[in-house]
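Start at 1 with the first residue, then count along the sequence.
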Amino acid sequence: MVKTTAYSRTHLGTVFTYGQTCSGKTFTMYGAPPKHPGVIPLAVQDIFARVKERPDCEFLFKASFLEIYNEVIRDLLDPKRVNLKIHETPNREIFVGNLSEKPVYSAHEVAELLQKGEANRSIGETNMNERSSRSHTIFRMVSKHFQIASTHLAPSRLIHTTRQLKNLVDLAGSERVGFTKAEGLRLKEGAHINKSLLALGTVISRLAESGGESRGHIPYRDSKLTRILQNALGGNAKTSIICTVTPSEAFADETISTLKFARRAMVIANKPIVNEVRHAAIFIATHKTNLYIYYNTRAAGCHRCCKTGTLSRGNSPTEAAAACSKPHAR
Ligand SMILES: Nc1ncnc2c1ncn2[C@@H]1O[C@H](COP(=O)(O)OP(=O)(O)OP(=O)(O)O)[C@@H](O)[C@H]1O
């Protein structure tokens, strides 16, 4: 499932984990590499492995990494960039302004960036988890791929480009103050986490009620998390949600609540699209090439020669006819 989302040719692919605190969300997303890599390192490896399978394409990758901490967006690759704002393009694509994007060329480089970002992430000890995520993180990889095609007259021509976004999201977990015994800063963090997860739950419920269509009012703007994930939740994305639960009886209520969330989310049916740009000029040029071959063949009346390759690049009909030394009818 996760592999499909990472591989997918659709414009936007998103994977996120959902569940109560200490249920294994961060472990699922990051794992304990190199022995037990999580979803993010595995997805990145898959993406780069795919590059090797497509020698006919050129790829360009850029990565960004942000956290939402107490409803403030911070760049984890450049922590001086704080309080970043969310914007929307005219074609309704949501993006975070002034977020740094680093070009990456290998899975190893991405792993280094992840490590750097993780070191800047807000993590704190609670009664439940000694390394509890106090923020939601979104690791995003944007890729552009350019397909090159060779034709008889043009050995290297750009045919189309595809742009894809992959969001790999690690959410902070919902927490009950009774269990975490949080006070002061931890209590404030917990309140923000719960509030944004509630907003996520509401968005999922509304989308589920409307069968996945963004009909009526869907309150994406109620939290930074739902606003950033707007396209992933109810748009044209391919989204995988991994729900994590703890086996402990003491958390049965949380487990039931997580399973209800999962059941609602399953109803939502997005409509993934491929963001592909066919280059019109190139398309016409390619067809001109074919037309030219056809024209030459007809004009010279030299079907057999053209088929066997006598007609070379730049031949005019006269040149083609002259180049044909075979004694067949013209
Ligand atoms: N499948 C697993 N195998 C081994 N250890 C695990 C596994 N899942 C979770 N753990 C361990 O359980 C602890 C809690 O996991 P983790 O931090 O991933 O939870 P979380 O849901 O992200 O919590 P929070 O919401 O508080 O950040 C960690 O010490 C982690 O290493």
Any luck finding a side-chain donor-acceptor pair between S205 and R264 under 3.5 Å? yes

Value for NE2 (H192) from CG (L225), rounded to nearest 0.5 Å, stands at 13.5 Å

Applying side chain to side chain contact (heavy atoms under 4.5 Å, CB included) to L197 and H136, what does each step give before you reach the verdict? CA-CA 10 Å; L197 291 175; H136 308 301; 4.0 Å; yes

Please assess S122 against R74 for the test side chain to side chain contact (heavy atoms under 4.5 Å, CB included), listing each intermediate value before the final yes or no. CA-CA 10 Å; S122 305; R74 196 162 69 109; 3.9 Å; yes

Could you go through the side chain to side chain contact (heavy atoms under 4.5 Å, CB included) check for T246 and E254 one step at a time? CA-CA 9 Å; T246 70; E254 280 78 2; over 6 Å; no

Quick one: pull up OG1 in T14 and CZ in R140 and give me the separation to the nearest 0.5 Å. 7.5 Å

Considering residues at least two apart in sequence or located in another chain, which fulfil the ring-ring contact (aromatic ring centres under 6.0 Å, His included) criterion with F261? Y18

If you group Ile, Leu, Val, Met, Phe, Trp and Tyr by side-chain heavy-atom gaps below 4.5 Å, do L42 and M141 land in one group? no

Spell out, as yes or no, whether a donor-acceptor pair under 3.5 Å connects the side chain of N120 to the backbone of L76. yes

When you measure from the side chain of K25 to the backbone of G19, do you find a donor-acceptor pair of N or O atoms at a distance under 3.5 Å? yes

Please determine which of F65, F16, Y30 meets the ring-ring contact (aromatic ring centres under 6.0 Å, His included) test together with F139. F65

Result for side-chain hydrogen bond (donor to acceptor under 3.5 Å, both in side chains) between T26 and one of T137, T17, D170 points to D170

Taking all non-hydrogen atoms of both residues, which atom of T258 and which atom of C243 are closest, and how far apart? CG2-CB, 3.7 Å

Within this structure, what is the CG-NE2 distance for the pair L113 and H108, rounded to the nearest 0.5 Å? 10.5 Å

Say you draw a straight line from CG of L171 to CG of L229; how long is it, rounded to the nearest 0.5 Å? 7.5 Å

Shortest non-hydrogen pair, S223 vs E71, comes out as CA-OE1, 3.7 Å

Salt bridge between E53 and R50, side-chain N to carboxylate O under 4.0 Å? no

Run the numbers on V110 and F61 for side chain to side chain contact (heavy atoms under 4.5 Å, CB included), then give the verdict. CA-CA 10 Å; V110 176; F61 291 105; over 6 Å; no

Should the pair H87 and F95 be assigned to parallel (<30°), tilted (30 to 60°) or perpendicular (>60°) ring geometry? tilted

Using every non-hydrogen atom in the two residues, find where H217 and R206 come nearest and quote the distance to one decimal. O-NH1, 3.5 Å

Residues A265 and I241: closest non-hydrogen pair is CB-CD1, 3.7 Å

Output the distance between atom OG1 (T239) and atom CG (L233), rounded to the nearest 0.5 Å. 6.5 Å

Considering all heavy atoms of both residues, which atom of V96 and which atom of L84 are nearest to each other, and what is their separation? CG1-CB, 3.6 Å

Using the test side-chain contact (heavy atoms from CB on, under 4.5 Å), find all partners of D253 that sit at least two apart in sequence or belong to another chain. R176

Residue that, paired with V169, satisfies side chain to side chain contact (heavy atoms under 4.5 Å, CB included) out of I228, I138, V39, I40: I138

I'd like to check the salt bridge (Lys or Arg N to Asp or Glu O under 4.0 Å) partners of E189; sequence neighbours left out, ordered by chain and number. R134, R186

Using the rule that two of Ile, Leu, Val, Met, Phe, Trp, Tyr join whenever any of their side-chain heavy atoms come within less than 4.5 Å, decide whether I68 and I86 are in one cluster. yes

CG of D222 to OG of S196: how many Å apart, nearest 0.5 Å? 11.0 Å

Of all residues at least two apart in sequence or in a different chain, which pass the side-chain contact (heavy atoms from CB on, under 4.5 Å) check with A32? F27, H36

Do V245 and F251 share a hydrophobic cluster, counting only Ile, Leu, Val, Met, Phe, Trp and Tyr and linking them when any side-chain heavy atoms are less than 4.5 Å apart? no

Holding to side-chain contact (heavy atoms from CB on, under 4.5 Å), I want the full list of residues that pass it with R221, two or more places apart in sequence or in another chain. E88, R227

Donor-acceptor list for residues 97-105 side chains, cut-off 3.5 Å, not counting sequence neighbours:
unit_1	atom_1	unit_2	atom_2	d
N98	OD1	R81	NH1	3.3
S100	OG	D75	OD1	3.4
S100	OG	D75	OD2	2.7

Identify the two heavy atoms, one from S133 and one from I193, that lie closest to each other, and give their separation to 0.1 Å. O-CD1, 4.1 Å

